[in-house]
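Report on one structure; see the data block that follows.
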Amino acid sequence: MESPFRADIVKGKVALITGGASGIGLEISTQFGNHGASVAVMGRRKHIIDSAVESLRSLGISAIGFQGDVRKPEDAKRVVESTFQHFGRIDILVNAAAGNFLVSPEDLSPNGFRTVMDIDAVGTFTMCHEALKYLKKGGPGRSSSDSGGVILNITATLHYTASWYQIHVSAAKAAVDAMTRNLALEWGTDYDIRVNGIAPGPIGDTPGMSKLAPQEIDSKARDYMPLFKLGEKWDIAMAALYLSSDAGLVA
Ligand code: HXC
């Protein structure tokens, strides 16, 4: 598909994308790279990161991968600092790492609930906390004419109402949405950082969909979609690109 944006819309910017080696995160990494950004992808599984970095580089994208778990504060710190050391600045943090599985509340242990809260909610906060120094206006690597950086949190829509077997994810994504609003207020005011969220509905061809919606549910669900199709990773990547570029300066 041809991009509606100019190829240099994020040229010179450096993006760190958690969960950036698969699914929606990888599409964001790819489209940021295709539009001029350098990208660092963070993920738990080395072989997935290696293959993502190889595919990004094959497109001519300046990319590096870091293995790490957003649940571990020491990993978050190491990956943020390594990204800065490698590229000399950080402009965009995308929090796309997420954990998910289908389970009824009575079958979900408190530790299972906590695990998803830790990945999605606490992990997002930890990454924001570690990246703040580099994203704030006047921070390391930023010139005096640079604005503050951008944080983009990827959530979902299932917590807007209620969803079967997703109590842990709904709670975690609601927490991230709250964080997005609070950081937009406080870090926007204090540090000129733009903080936004994207809440995808069901998106095809992602680990989330293949895990959460078996094929027969998937095809049935399409009957209830106004456009009779699932969303595409491309849609989310284009929204991410808009919000992270100077086109989104007022967003
Ligand atoms: C019930 C489960 C479970 C399951 C894990 N647990 N899987 N409980 N059903 N299927 C419980 C365990 O019993 C344990 O609790 C606790 O969770 C921790 O499990 P571990 O296996 O030790 O955790 P870990 O190895 O760290 O893995 C965490 C994980 C991970 C969340 C299960 O495998 C993961 O993140 N996988 C999914 C990645 C993914 O699908 N990403 C896309 C997200 S899509 P106890 O009490 O036994 O110790 C998305 C979109 C949402 O977010 C919106 C869609 C519309």
Side-chain angles (χ1 to χ4, degrees), residues 17-30 41-49 51-52 67-76 94-127 152-180 197-227 229-237 239-240:
I17 299 135
T18 74
S22 64
I24 291 173
L26 177 57
E27 184 69 15
I28 292 174
S29 303
T30 306
V41 299
M42 176 179 181
R44 278 183 287 167
R45 292 163 299 173
K46 185 169 185 313
H47 67 285
I48 305 274
I49 301 168
S51 114
Q67 191 176 8
D69 187 333
V70 296
R71 288 173 288 186
K72 297 184 181 152
E74 63 277 16
D75 284 13
V94 180
N95 290 297
N100 208 338
F101 46 83
L102 292 172
V103 65
S104 65
E106 58 272 34
D107 292 332
L108 175 63
S109 70
N111 191 46
F113 185 92
R114 185 182 301 114
T115 296
V116 171
M117 289 296 283
D118 274 349
I119 298 170
D120 295 22
V122 185
T124 292
F125 181 76
T126 305
M127 291 303 298
L152 193 52
N153 295 331
I154 310 298
T155 57
T157 55
L158 36 81
H159 55 295
Y160 294 171
T161 51
S163 303
W164 287 88
Y165 311 132
Q166 290 279 271
I167 191 170
H168 46 329
V169 182
S170 298
K173 297 296 193 183
V176 175
D177 279 356
M179 247 183 282
T180 300
I198 298 178
I203 302 295
D205 191 24
T206 56
M209 268 312 281
S210 48
K211 198 167 178 188
L212 301 181
Q215 194 55 44
E216 60 279 16
I217 299 178
D218 180 5
S219 47
K220 204 163 177 224
R222 286 165 207 259
D223 295 343
Y224 301 102
M225 312 264 175
L227 296 178
K229 68 180 187 79
L230 297 173
E232 293 175 25
K233 290 180 284 189
W234 166 270
D235 306 333
I236 307 307

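Quick note: numbers below take in every heavy atom, side chains included, and nothing from hydrogens, waters or symmetry partners. Just follow the structure's listing: the first ligand is 1, and inside any ligand the first atom is 1. Position 1 is the first residue of the sequence; numbering continues from there.
Closest to atom 51 (C) of ligand 1, if we only count protein heavy atoms, is N100 ND2, 3.3 Å. Looking only at heavy atoms of the protein, atom 30 (C) of ligand 1 is closest to R44 NH2, 3.9 Å. Ranking the protein heavy atoms by distance from atom 14 (C) of ligand 1 puts N111 ND2, 3.9 Å first. What sits closest to atom 17 (O) of ligand 1 on the protein, heavy atoms only, is G112 CA, 3.2 Å. Nearest protein heavy-atom neighbour of atom 6 (N) of ligand 1: F101 CZ, 3.5 Å.
Not a single heavy atom of H168 lies less than 4.0 angstrom from ligand 1. Under the 4.0 angstrom criterion for non-hydrogen atoms, R114 is not in contact with ligand 1.
At a distance under 4.0 Å, no protein heavy atom can be found next to atom 12 (C) of ligand 1. When distances from atom 21 (O) of ligand 1 to the protein are checked, no heavy atom turns up under 4.0 Å. Counting only heavy atoms, the protein gets under 4.0 Å from atom 43 (C) of ligand 1.
Put simply, CE on M209 and CD1 on I203 are 9.0 Å apart, with the number rounded to the nearest 0.5 Å. Put simply, CG on L152 and CD1 on I28 are 6.0 Å apart, with the number rounded to the nearest 0.5 Å. Between atom NE2 of residue H168 and atom CG of residue L102 there is a gap of 7.5 Å, rounded to the nearest 0.5 Å. Taken from CG in D205 to CD1 in I24, the straight-line distance is 10.5 Å, to the nearest 0.5 Å. Note that OH of Y165 and CG of D107 are 9.5 Å apart. Values are rounded to the nearest 0.5 Å. Between atom CD of residue Q67 and atom CG of residue D75 there is a gap of 8.5 Å, rounded to the nearest 0.5 Å.
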Full working for side chain to side chain contact (heavy atoms under 4.5 Å, CB included) between F101 and L108: CA-CA 10 Å; F101 46 83; L108 175 63; 3.7 Å; yes
Side chain to side chain contact (heavy atoms under 4.5 Å, CB included) between V122 and R71, worked out: CA-CA 7 Å; V122 185; R71 288 173 288 186; over 6 Å; no
Pair N153-T180, side chain to side chain donor-acceptor pair (under 3.5 Å): steps then yes or no: CA-CA 7 Å; N153 295 331; T180 300; 2.9 Å; yes
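Which of T115, D120, I119 comes nearest to atom 18 (C) of ligand 1 through a heavy atom is settled by distance: it is T115. When the heavy-atom distances from atom 41 (N) of ligand 1 to S163, G201, A98 are ranked, the shortest goes to A98.
Listed by number with element, the atoms of ligand 1 under 4.0 angstrom from any heavy atom of G99 are 31 (C), 35 (O). Close contacts of ligand 1 with K211, meaning ligand atoms under 4.0 Å from a residue heavy atom, involve 36 (N), 37 (C), 40 (O). The ligand atoms of ligand 1 that sit less than 4.0 angstrom from a heavy atom of A156 are 53 (C). Close contacts between ligand 1 and S109 involve ligand atoms 15 (O), 45 (P), 46 (O) [criterion: under 4.0 Å to a heavy atom]. Heavy-atom contacts of L212 reach the following atoms of ligand 1: 54 (C) (cutoff under 4.0 Å). For ligand 1, the atoms closer than 4.0 angstrom to any heavy atom of R71 are 26 (O). Under a 4.0 Å criterion applied to the non-hydrogen atoms of L158, ligand 1 contributes the atoms 53 (C).
Taking each heavy atom of G20 and V41 in turn, the nearest pair found is O-CG1, 3.4 Å.
Residue T206 does not touch ligand 1, judged by heavy-atom distances below 4.0 Å.
For the residue pair Q166/N100, the side-chain donor-acceptor check at 3.5 Å is satisfied.
Counting heavy atoms of neighbouring residues, nucleotides and ligands inside a 6.0 Å radius, atom NZ of K229 exceeds 12 of them.
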